[in-house]
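Read the structure below first, then the notes.
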Amino acid sequence: PSQTVEVAFEMRAVAIGSAVLTARVSASGAPADALELKLPILGQQPPVQLATSRALVATAAPSLWREGISLPRAVPGSGSLTATFGAGRLPAVEAIASALLRAAD
């Protein structure tokens, strides 16, 4: 009747969002108590920044090349990609300043 019992179990989220955990207890086949929790499902890691750069030489003809990055593994539906392009070092300086400001909050 007035006993405390610990019940351990594993849960796994398959996507970012929210989940509802419902637990029901019965005694002698009749409902005795219940609990419902709404849980936020968050990402497993902080944001990751990747960068690449290439020095350009001013010419009259276009200078074309391919650039590639390998994105880290992530939970489906949890990632986003933002690309910044620019000339000189200003985009990198702005990105670092922005990351430092976010870390300070």
Side-chain angles (χ1 to χ4, degrees):
S2 297
Q3 296 176 335
T4 300
V5 177
E6 180 180 340
V7 178
F9 54 91
E10 292 184 24
M11 292 188 294
R12 188 182 96 133
V14 295
I16 301 298
S18 62
V20 177
L21 172 67
T22 305
R24 294 183 182 96
V25 178
S26 60
S28 302
D33 203 355
L35 170 71
E36 181 174 286
L37 298 173
K38 294 181 182 177
L39 305 171
I41 308 301
L42 307 174
Q44 297 177 337
Q45 69 182 43
V48 176
Q49 292 186 347
L50 305 171
T52 183
S53 65
R54 179 175 188 266
L56 300 175
V57 177
T59 62
S63 176
L64 303 176
W65 74 96
R66 290 184 183 196
E67 203 61 48
I69 57 173
S70 179
L71 299 175
R73 292 178 45 148
V75 174
S78 69
S80 65
L81 177 65
T82 302
T84 303
F85 302 91
R89 295 190 173 106
L90 180 59
V93 170
E94 288 178 336
I96 292 169
S98 177
L100 290 171
L101 288 172
R102 282 193 307 273
D105 289 341

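One-based numbering along the sequence shown.
- V5 and L35 fall within the same hydrophobic cluster, defined by Ile, Leu, Val, Met, Phe, Trp and Tyr side-chain heavy atoms under 4.5 Å apart, directly or through other members.
- A continuous path of hydrophobic side-chain contacts links L37 to M11 [ILVMFWY only; heavy atoms under 4.5 Å].
- When every heavy atom of A13 is checked against every heavy atom of I41, the shortest pair comes out as CB-CG2, 3.4 Å.
- Transitive grouping of hydrophobic side chains (ILVMFWY, heavy atoms separated by less than 4.5 Å) brings L39 and V7 into a common cluster.
- Every residue two or more places apart in sequence or in another chain that forms a side chain to side chain contact (heavy atoms under 4.5 Å, CB included) with T22 is listed here: V20, R24, E36.
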